[in-house]
There are 2 protein chains.
Amino acid sequence: MTTIREVAKLAGVSVATVSRTLNNSGYVSESTRKRVEKAVKELNFYPNEVARSLFQKKSKLIGLLLPDITNPFFPAIAKGVEDGVNQRGYSLLLGNVEDDAEKESDYLKIFEQNNIAGVISAVQGSAAKLNNMPLVLLDRVNSHQEYAVHSDDYAGGKLAAQAVVERNPEKVVIMVGPKSVAGSAMRLAGSEKVLQESLVPYEVFQTASFQLNLAEETAERFFEQHPDVDSVIASNDVYALAVMKEAIKRGMNIPEDLQIIGYDDMPFSRMMYPGLSTIAQPAYQIGYQGAELLCNILEKGYAHENHIQLPVTLKLRESLRKKDLDE
Amino acid sequence: MTTIREVAKLAGVSVATVSRTLNNSGYVSESTRKRVEKAVKELNFYPNEVARSLFQKKSKLIGLLLPDITNPFFPAIAKGVEDGVNQRGYSLLLGNVEDDAEKESDYLKIFEQNNIAGVISAVQGSAAKLNNMPLVLLDRVNSHQEYAVHSDDYAGGKLAAQAVVERNPEKVVIMVGPKSVAGSAMRLAGSEKVLQESLVPYEVFQTASFQLNLAEETAERFFEQHPDVDSVIASNDVYALAVMKEAIKRGMNIPEDLQIIGYDDMPFSRMMYPGLSTIAQPAYQIGYQGAELLCNILEKGYAHENHIQLPVTLKLRESLRKKDLDE
DNA sequence: TTGAAAGCGATACCAG
DNA sequence: CTGGTATCGCTTTCAA
């Protein structure tokens with residue numbers, strides 16, 4: 001590893017001067033700047049970020065907390081975050097915490113130990129625990145005190161229910177995500193409002209988690225408890241898929257016997273058959289804008305808008321029946 | 001942030017002693033060790049990894065290079081890697097490089113600047129560029145000089161072709177992944193061997209990339225070039241899915257008109273309908289064992305086996321027809 | 001068994 | 001404009 005010292009020696013200047021040219025800070029005469037740059041190139045020098053970070057008490061690393069990297073919604077977010085932070089010269093420390101509070105605080109500690117510049121988190125409740133590291137929440141929002149990028153869950157819940165209501169539902173069941181997830185409650189509220197106003201009866205099925213590996217057994221339980229369901233509003237696309245698969249296994253036709261709408265629009269939802277109707281969240285955008293928000297906070301110390309809300313959209317595919325009018 | 005100095009002061013010892021107790025290095029009397037530990041607890045102290053890393057010229061971070069985080073196969077690997085390195089006290093710096101050589105070397109540079117302990121890479125050719133950072137390759141292997149964990153691509157290719165051959169293929173097309181990916185060639189070789197020995201005619205369709213976002217247009221091109229195909233051996237599950245979807249769009253029945261087998265067995269392949277037959281690679285295991293291999297190298301400086309090969313298995317689902325015998 | 005002190009590689013203050 | 005130097009927090013000789 002070549003250090004600033006060797007550059008200084010080669011250029012015939014002090015390390016202070018090299019540092020100044022590197023960072024465009026303070027005065028450097030044109031001629032010495034040239035000499036330094038030449039030496040830098042010649043030695044193929046680039047500064048050690050660890051040393052920088054030690055002095056500055058702040059690294060160019062950002063911690064990314066994800067609840068479940070195997071749910072394709074989160075890699076989509078992660079990609080947005082990555083592109084966003086890269087653009088501003090940061091890199092990501094990955095923390096996949098799996099709804100495990102202990103793992104989460106372990107990571108938060110590791111982040112601190114590494115002089116992380118800030119945290120972007122898509123997991124619930126990663127709020128108080130961090131000792132004043134700047135934080136941006138994605139998708140899952142707690143209070144209005146914090147910086148967050150999220151989509152309009154209430155509108156999403158309404159949209160989903162609306163789509164079902166327009167399609168001759170007999171027996172509707174809403175699958176609700178874990179209570180601990182703020183967005184779930186908002187979606188449920190939105191859906192319930194529409195169903196109640198339309199006088200469509202419905203039931204609620206609570207899922208314990210959003211974890212991918214629980215989706216299949218949850219789908220089984222779902223049909224045991226609601227054997228006569230004909231329309232489901234699922235908590236996310238993964239669970240919608242599991243329900244669809246289980247329904248087909250039970251000999252039901254989709255969408256004739258069972259229609260279903262998901263949430264998220266993960267990349268695969270449009271690639272399956274029947275195509276999964278869903279409420280699309282702009283996952284990449286959520287990630288990207290979250291990254292920008294955090295970087296602005298890091299650079300300017302604040303941001304004007306602390307809540308960025310992104311729109312959701314209805315994606316109609318084959319898993320919903322035709323509208324009444326169309327029949 | 002509380003430092004080792006404050007701990008030393010509170011315990012009434014020198015920082016050297018604190019450091020020694022923290023690391024179990026050198027002599028520390030039982031009584032002072034107690035005092036130090038008490039102080040550590042009282043101040044809730046944990047060492048700054050950046051300072052450590054600066055001195056040791058080696059951090060507790062491992063760089064993870066992935067070709068496409070939106071392909072569910074890689075998050076599955078990533079999860080294995082994460083669990084593996086966490087177990088040994090390391091964390092991950094994420095680099096999603098998207099088949100982009102420049103992005104890859106950017107990340108390699110960032111890794112160096114951060115005194116990374118080692119690199120785990122699932123992208124092709126991340127070999128020479130790194131200045132003697134320990135490297136473990138996943139899934140995609142170059143030469144036999146390097147440390148790598150991968151599955152048996154040749155056997156996988158054979159298995160896939162075998163499954164098709166036994167099921168009355170009329171016109172077989174093999175989709176081959178990018179030439180730059182070593183595994184692709186092995187799989188192709190395996191498949192060709194079986195097809196040739198069975199005297200089943202076939203054609204080869206070359207895909208330019210494994211990227212998720214190109215899957216759909218590739219599927220369209222595929223059918224334009226091979227309108228009469230009835231059996232496809234796809235390069236991976238994502239592309240198999242895209243082909244399935246496109247086939248259904250074109251009014252073909254699966255598996256009657258078109259049967260298909262994928263590769264990878266990503267978590268979703270079993271969740272769709274029809275279920276995708278595929279060659280399963282143990283993604284999580286590949287990641288986990290790769291992590292262990294790297295950690296062993298880091299701690300002991302070497303490892304006995306530099307190539308770990310994991311078995312692949314055939315997963316039969318609805319996307320393949322019944323065997324001839326069964327009909 | 002313990003402590004003083006010299007770094008690790010970079011930054012930034014203060015003189016000159 | 002430039003250079004000397006203290007400093008960031010921790011580890012590790014080397015003496016005591």
Side-chain angles (χ1 to χ4, degrees), chain A residues 1-40 43-61 89 109-117 131, chain B residues 1-40 43-61 89 109-117 131:
Chain A
M1 160 170 274
T2 114
T3 76
I4 200 173
R5 268 195 163 59
E6 310 172 38
V7 177
K9 186 148 54 149
L10 181 60
V13 296
S14 73
V15 293
T17 303
V18 177
S19 175
R20 256 176 266 136
T21 52
L22 251 39
N23 300 296
N24 289 311
S25 60
Y27 295 99
V28 182
S29 77
E30 195 49 37
S31 62
T32 64
R33 138 161 276 117
K34 284 256 166 60
R35 282 217 314 289
V36 171
E37 280 166 353
K38 183 152 158 289
V40 165
L43 296 172
N44 185 30
F45 167 83
Y46 36 96
N48 182 314
E49 282 297 337
V50 175
R52 266 192 178 163
S53 158
L54 179 60
F55 186 89
Q56 320 259 26
K57 295 158 176 279
K58 199 170 270 294
S59 73
K60 290 304 234 177
L61 301 178
K109 180 188 269 188
I110 289 171
F111 289 172
E112 269 197 78
Q113 293 182 286
N114 284 282
N115 288 3
I116 226 83
N131 298 336
Chain B
M1 157 169 278
T2 113
T3 76
I4 200 174
R5 271 199 160 56
E6 309 173 39
V7 177
K9 187 148 54 148
L10 180 60
V13 296
S14 74
V15 294
T17 303
V18 177
S19 175
R20 256 175 262 135
T21 54
L22 250 38
N23 299 296
N24 288 312
S25 60
Y27 294 100
V28 182
S29 78
E30 195 50 37
S31 63
T32 63
R33 139 160 275 118
K34 284 257 167 61
R35 283 218 312 289
V36 170
E37 279 167 354
K38 182 153 158 287
V40 166
L43 295 172
N44 185 31
F45 167 83
Y46 35 96
N48 182 314
E49 281 299 336
V50 176
R52 268 193 177 163
S53 157
L54 179 59
F55 185 89
Q56 322 258 27
K57 294 161 177 275
K58 199 170 270 293
S59 73
K60 289 304 235 176
L61 301 178
K109 181 188 267 188
I110 289 171
F111 288 171
E112 269 197 80
Q113 294 182 286
N114 284 281
N115 287 5
I116 226 81
N131 298 337

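Below, chain A is the first sequence line, B the second, and so on; all start at residue 1.
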Which part of the nucleic acid, if any, lies within reach of [X] when heavy atoms closer than 4.0 Å are counted: base, sugar-phosphate only, or nothing?
X: A:Val18; result: nothing
X: B:Thr3; result: sugar-phosphate
X: B:Gln56; result: sugar-phosphate
X: B:Val13; result: sugar-phosphate

Nearest-angstrom distance from the residue atom [atom1] of [X] to [atom2] of [N]:
X: A:Arg52; N: C:dC8; atom1: CZ; atom2: P; result: 19 Å
X: A:Met1; N: C:dA10; atom1: CE; atom2: C1'; result: 11 Å
X: B:Asn115; N: C:dG9; atom1: CG; atom2: P; result: 9 Å
X: B:Asn114; N: C:dG9; atom1: CG; atom2: C1'; result: 13 Å

[X], nearest nucleotide to its side chain (from [options]):
X: A:Leu54; options: D:dC8, C:dC8, C:dA10; value: D:dC8
X: B:Ile4; options: D:dT11, C:dA12, C:dC8; value: D:dT11
X: B:Phe55; options: D:dT11, C:dA10, C:dA5; value: D:dT11

| For A:Leu54, what residues pass the side chain to side chain contact (heavy atoms under 4.5 Å, CB included) criterion, not counting sequence neighbours? |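 A:Leu54 satisfies side chain to side chain contact (heavy atoms under 4.5 Å, CB included) with B:Val50, B:Ala51, B:Leu54 once adjacent residues are dropped.
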| Does any residue of residues 21-35 of chain B have a heavy atom under 4.0 Å from DNA chain D, and if so, which ones, in number order? |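 The stretch gives B:Asn23 as the residues lying under 4.0 Å from the strand, ordered by number.
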| query | Are A:Lys9 and A:Glu6 within salt-bridge range, i.e. N to O under 4.0 Å? | reply |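 The answer is no: the pair does not qualify as a salt bridge.
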| field | Pairing of A:Arg52 and A:Glu49 as salt bridge, 4.0 angstrom limit | value |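 Result for this pair is yes, salt bridge flagged.
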| field | Residue closer to the 5' end of DNA chain C, B:Thr17 versus A:Asn48 (nearest nucleotide) | value |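 Nearer the 5' end of the strand: B:Thr17.
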| task | Examine D:dG9: is either OP1 or OP2 under 4.0 Å from a nitrogen or oxygen in the side chain of A:Lys57? Give yes or no. | result |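 The answer is yes; a side-chain N or O of A:Lys57 sits under 4.0 Å from OP1 or OP2.
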